[in-house]
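To start, the structure itself, in structure tokens.
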Amino acid sequence: MVSKILISACLMGHAVRYDGRGKPLVHPAIERWMQEGLLVTICPEMSAGMPVPRPPAEIADAATGEDVLAGNARVVELTGGDVTDEFLLAAENAVRLATDSGCRYALLIDGSPSCGSGFIYDGTFSGNRRLGNGVTAAALKQAGIEVFSDREIDQLIERISHST
């Protein structure tokens with residue numbers, strides 16, 4: 001049996017991003033997995049009670065989600081607000097949902113300070129990207145869940161086909 005896949009709610013078209021929009025990922029595999037009941041949808045930030053819309057947030061000082069999990073970095077909003085605790089709760093909620101639902105994989109939106117797994121922004125709110133994981137992506141990886149970005153759906157399809 002194929003394992004379930006945790007998926008960012010915004011990739012399913014839900015208007016949950018910081019800017020109040022979705023970012024639907026249109027791919028035949030998404031439709032098939034949905035019909036097969038394999039997708040478990042979450043917006044980590046909303047699961048932690050964050051509003052939509054909300055100010056943009058980045059991991060400060062060019063740090064990573066791993067640094068936030070270790071207590072060595074903060075997540076801050078463009079307005080200056082510290083939302084580290086909310087992002088830690090969001091990551092905890094995502095790991096719990098994935099584990100409780102039997103997800104071995106996660107398909108997350110890249111660039112997010114929560115879900116980014118290929119790149120995140122450098123904390124300067126200037127649009128500069130850097131390699132790294134967001135807080136939720138880092139927590140899922142630490143929990144043994146394989147994380148793929150929205151740009152890596154073909155790799156996820158390949159990975160699933162080799163595990164069945």
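The first residue in the sequence is number 1, and the count goes up from there.
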Inset, instruction - Sequence neighbours left out, what passes side chain to side chain donor-acceptor pair (under 3.5 Å) with Q155? Give chain and number order. - result: none
Legend entry - Pairs involving residues 10-20, ordered by first then second residue, that meet salt bridge (charged side-chain N to carboxylate O under 4.0 Å, His left out) (sequence neighbours left out): R17-D19
Inset, instruction - Return the set of residues passing ring pair (Phe, Tyr, Trp, His ring centres under 6.0 Å) with Y105 (not counting sequence neighbours), or none when no residue passes. - result: none
Legend entry - Contact list for residues 85-99, test salt bridge (charged side-chain N to carboxylate O under 4.0 Å, His left out), sequence neighbours left out: E92-R96
Inset, instruction - From the options L11, I5, I7, select the one residue that forms a side chain to side chain contact (heavy atoms under 4.5 Å, CB included) with I30. - result: I7
Legend entry - Atom of A60, atom of V76 and distance for their closest heavy-atom approach: CB-CG2, 4.1 Å
Legend entry - For L140, the rest of its hydrophobic cluster, which grows through side-chain links under 4.5 angstrom: L6, V40, I42, V95, L97, L108, I145, V147
Legend entry - Under the side chain to side chain donor-acceptor pair (under 3.5 Å) test, residues paired with Q35 that sit two or more places apart: E31
Legend entry - Contacts of A57 that satisfy side-chain contact (heavy atoms from CB on, under 4.5 Å) - sequence neighbours left out: V75, E77, V83, F87, P113
Legend entry - Non-neighbouring partners of T99 that pass side chain to side chain donor-acceptor pair (under 3.5 Å), sequence neighbours left out: none
Inset, instruction - Applying side-chain contact (heavy atoms from CB on, under 4.5 Å), name anything that partners P53, two or more places apart in sequence or on another chain. - result: none
Inset, instruction - Under the side-chain contact (heavy atoms from CB on, under 4.5 Å) rule, collect the residues that match up with A63, sequence neighbours excluded. - result: I59, D67, A73
Which pairs of donor and acceptor atoms, one on a side chain in residues 21-29, lie under 3.5 Å apart (sequence neighbours left out)?
{"from": "H27", "atom 1": "ND1", "to": "A29", "atom 2": "N", "distance (Å)": "3.0"}
{"from": "H27", "atom 1": "NE2", "to": "D154", "atom 2": "OD1", "distance (Å)": "3.4"}

Legend entry - D82 atom CG: more than 12 heavy-atom contacts under 6.0 Å: yes
Inset, instruction - Please name all residues satisfying side-chain contact (heavy atoms from CB on, under 4.5 Å) with Y18, sequence neighbours left out, ordered by chain then number. - result: R54, P56
